[in-house]
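Protein chains get the first letters and strands the later ones, always in sequence-line order, with residue 1 at the start of each. Remember, it's a predicted structure, so these values are computed and weren't measured experimentally.
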Number of protein chains: 2
Amino acid sequence: MDKEISQAVISRLPRYLRYLGDLKDRNVERISSSELSVLMKVTASQIRQDLNNFGGFGQQGYGYNVDFLYSEISKILGLEHQYNFIIIGAGNLGKALGGYLNFEKRGFIFKGMFDKDPSLIGTEVRGVKVMSMEELPGFIRSGNIDIAVLTIPKEGAVLVAKVLVENGIKAIWNFAHVDLDVPENVQVENVHLSDSLMKLSYNISSYDQTKK
Amino acid sequence: MDKEISQAVISRLPRYLRYLGDLKDRNVERISSSELSVLMKVTASQIRQDLNNFGGFGQQGYGYNVDFLYSEISKILGLEHQYNFIIIGAGNLGKALGGYLNFEKRGFIFKGMFDKDPSLIGTEVRGVKVMSMEELPGFIRSGNIDIAVLTIPKEGAVLVAKVLVENGIKAIWNFAHVDLDVPENVQVENVHLSDSLMKLSYNISSYDQTKK
DNA sequence: CGCTAATTGACAATATTTTAACACAAGATG
DNA sequence: CATCTTGTGTTAAAATATTGTCAATTAGCG
């Protein structure tokens, strides 16, 4: 019986990976939880506890081997897989994400792009042609697509999500400003930019008030 | 002595605001915490507790007035202010954010854009000209700029953040894939897109494994 | 090859966050 | 105008998450 890992822990793993990647680049071979805790400004205890959710990656008296830990966390995050993704919505944000080369390095392969606007259909982003929405269901089914990136206004998002789910998508990276209601076999990760901006707004005005 | 409001609560406020906005659009006048809890799929208890951090906005036997609650949460989030923002990095993501009209509605005013690439300088995004990095310090100082949006690669981000802080920026909305170290009077909100994508990756492969 | 210092992994102790329970005010009903 | 229902605000309990501590183990060194 595997115990469930909390999302709080998962959310921290990419950050560990980032710092370990930096250490790798600087040819650091080993690191202790307390050294890492200084770099990352978290407690050493939390680092150890987080890692021990997945097994003992360190060695007493030595610490953690940077390369080994990096690759273990990569595995945990599923980054040894390749995932094919498509982008729905060829606006600026869609184009920005499609053009972002680093995703490719992590095993996320950009396979297709869709939009309902006829003037965008046929244009290209990084060698990938924008297709019409009519072509979407067939493309998912035949192209072994895992992830759909939703970069369309919230009005259309719910309906499009329905189509995605019906055609067997595994996951949705949702930038539309609406909560999607999907079956539990479909993973959703929301990026609500305006929520993030409002949090910033809160922190600005809250700081201004305490200062005053 | 005001007790500190936890970031967990703050993070939920924009979502409340979103649902309340939808209710407003549908001309719903009042709503109870339990009705809202069904819509939002959270406990009614949490809603009441969250709101009561800031004061009693509801009325016994009546519930919450939608318009009133909407405007109260807006105030809490500091959305009655206007904030001027600039974007550093005129790549696709920067252009996407600059072109996003909804921010304007919330009181975030797009004032300037900067890039180090000479071929981009002089181009326009929604009527705003891209300027050179040399012009940045003066622009912040003279233009009453509150927020800087950082959409540049991580290599340059730390240095640019330093410049921003030195010239009196209040807040940084950081899309660069690096943690910024700034004084406590500067608010930072991170949007690490690859972290988010990795979380999605984890959830896909973790679901695949339990299913197997 | 054995001793010392370092450092993990496990677990106990705190702290925080979420959920539940409930007394009671406000409004509705007849 | 008495009674009943609704639904808040608040306090208490439960569940999660974080931090501190320490025995056990190992690397490094003489």
Side-chain angles (χ1 to χ4, degrees), chain A residues 1-16 19-20 23 28-73 76 195 199 202 206, chain B residues 1-16 19-20 23 28-73 76 199 202-203 206:
Chain A
M1 178 186 59
D2 306 319
K3 66 170 173 299
E4 186 77 18
I5 311 287
S6 84
Q7 284 292 314
V9 175
I10 307 308
S11 303
R12 284 192 291 264
L13 293 182
R15 187 155 179 262
Y16 291 132
Y19 278 85
L20 290 166
L23 292 168
V28 177
E29 198 177 283
R30 57 183 255 195
I31 191 156
S32 70
S33 57
S34 65
E35 286 173 295
L36 192 56
S37 77
V38 173
L39 285 179
M40 296 187 62
K41 295 177 179 162
V42 297
T43 61
S45 213
Q46 181 167 69
I47 294 174
R48 295 208 296 273
Q49 172 129 323
D50 281 350
L51 298 178
N52 284 7
N53 278 297
F54 305 97
F57 301 136
Q59 204 159 22
Q60 284 143 329
Y62 172 88
Y64 296 88
N65 179 282
V66 172
D67 279 354
F68 177 69
L69 187 54
Y70 183 91
S71 97
E72 285 300 311
I73 295 181
I76 293 166
D195 289 15
K199 242 194 308 180
Y202 173 86
S206 151
Chain B
M1 176 184 60
D2 305 319
K3 66 170 174 301
E4 187 76 18
I5 311 288
S6 82
Q7 284 292 313
V9 175
I10 306 308
S11 303
R12 284 192 292 265
L13 292 182
R15 188 157 178 261
Y16 291 131
Y19 278 85
L20 290 166
L23 291 168
V28 177
E29 197 177 285
R30 56 184 255 193
I31 191 155
S32 70
S33 58
S34 66
E35 287 173 295
L36 191 56
S37 79
V38 173
L39 286 179
M40 296 187 62
K41 295 177 179 162
V42 298
T43 60
S45 214
Q46 182 168 68
I47 294 173
R48 296 210 294 273
Q49 175 134 320
D50 280 351
L51 298 178
N52 281 98
N53 278 299
F54 305 97
F57 301 135
Q59 201 162 23
Q60 283 145 331
Y62 173 88
Y64 297 88
N65 179 282
V66 172
D67 279 353
F68 176 70
L69 187 54
Y70 183 92
S71 96
E72 286 299 312
I73 295 181
I76 293 166
K199 245 195 306 180
Y202 173 86
N203 285 325
S206 152

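For A/Arg12, whose side chain is taken as the heavy atoms from C-beta onward, the closest listed nucleotide among C/dT7, C/dA20, D/dT18 is D/dT18. Comparing atom distances between the A/Gln49 side chain and each of C/dG9, D/dG7, C/dC11 picks out C/dC11 as nearest.
Between the side chains of A/Gln59 and A/Asn65, no donor N or O sits under 3.5 Å from an acceptor N or O. Side chains of A/Glu35 and A/Ser32: a donor on one and an acceptor on the other come within 3.5 Å.
Atom OH in B/Tyr62 sits roughly 10 Å away from atom P in C/dA28 (whole-Å rounding). In this entry the distance linking CG of A/Leu51 with P of C/dC11 reads 17 Å, nearest Å. Rounded to an integer number of Å, the gap from B/Asn65 CG to D/dT6 P is 20 Å. Rounded to an integer number of Å, the gap from CD1 of B/Ile31 to P of D/dT8 is 10 Å. One atom, CD of B/Gln7, and another, P of D/dT18, lie 14 Å apart when rounded to the nearest Å. With rounding to whole Å, B/Gln46 atom CD is found 15 Å from D/dT8 atom P. Protein atom CG of B/Asn52 is 8 Å distant from nucleotide atom C1' of D/dT10, rounded to whole Å.
Checking the phosphate oxygens (OP1, OP2) of C/dA26, no side-chain nitrogen or oxygen of B/Gln59 falls inside 4.0 Å. Between B/Tyr64 and D/dG9 there is a side-chain polar atom (N or O) within less than 4.0 angstrom of OP1 or OP2. Under 4.0 angstrom from either OP1 or OP2 of D/dT11 there lies no side-chain N or O belonging to B/Arg48. Contact check, A/Ser45 against D/dG20: no side-chain N or O comes under 4.0 Å of OP1 or OP2.
For the pair A/Thr43 and B/Ser32, nearest-nucleotide mapping onto DNA chain D gives the more 5' position to B/Ser32. Of the two residues near DNA chain C, B/Asp50 and B/Arg30, the one whose nearest nucleotide lies more 5' is B/Asp50.
Among the heavy atoms of the strands lying under 4.0 Å from A/Ser33 are primed sugar atoms or P, OP1, OP2 only; no base atom is included. Within the nucleic acid shown, B/Ser34 has no heavy atom closer than 4.0 Å to any nucleic acid atom.
When atom types are taken as modelled, the side chain of A/Asn52 and the backbone of A/Gln49 share no donor-acceptor pair closer than 3.5 angstrom. When atom types are taken as modelled, the side chain of B/Arg15 and the backbone of B/Met40 share a donor-acceptor pair closer than 3.5 angstrom.
Between atom CD1 of residue A/Ile76 and atom CG of residue A/Leu69 there is a gap of 8.0 Å, rounded to the nearest 0.5 Å.
In terms of polar N and O atoms assigned as donor or acceptor, the side chain of A/Gln60 never comes within less than 3.5 Å of the base of D/dT26 in a complementary pairing.
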